[in-house]
Amino acid sequence: MDHCHGTGRVRGVPCFNCDGGLGRLRDDPDAAHRAADYLEGNAWKPTLVAPGVYQLPS
């Protein structure tokens, strides 16, 4: 059973693996977005900032 660690409110009943993954992300939506970017292959794509000059994400 998934719950908010701040309020104790039950959010839902995900499978065991998903519940563990959410716990490892520490209820942080930004961490979940970064994980999704990584899985989608967007986490390491450089951004073109000038002709021939790229910035890597930090």
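From a predicted model like this one, the values you see are computed outputs, not experimental measurements. Every heavy atom of this structure was used, including side-chain atoms; hydrogens, water molecules and symmetry mates were not.
- The shortest non-hydrogen separation linking R34 to D28 is NH2-OD2, 4.4 Å.
- Grouping the Ile, Leu, Val, Met, Phe, Trp and Tyr side chains by contacts below 4.5 angstrom, directly or via other members, places L39 with W44.
- Interatomic distance, CG of D2 versus CZ of R9, reported as 9.5 Å (0.5 Å rounding).
- K45 has its side chain out of reach of D37: every pair of non-hydrogen atoms, C-beta onward, lies at least 4.5 Å apart.
- The backbone N or O of H3 lies less than 3.5 Å from a partner atom in the side chain of R11, making a donor-acceptor pair.
- Rounding to the nearest 0.5 angstrom, the gap separating the CG atom in D27 from the OG1 atom in T7 is 9.5 Å.
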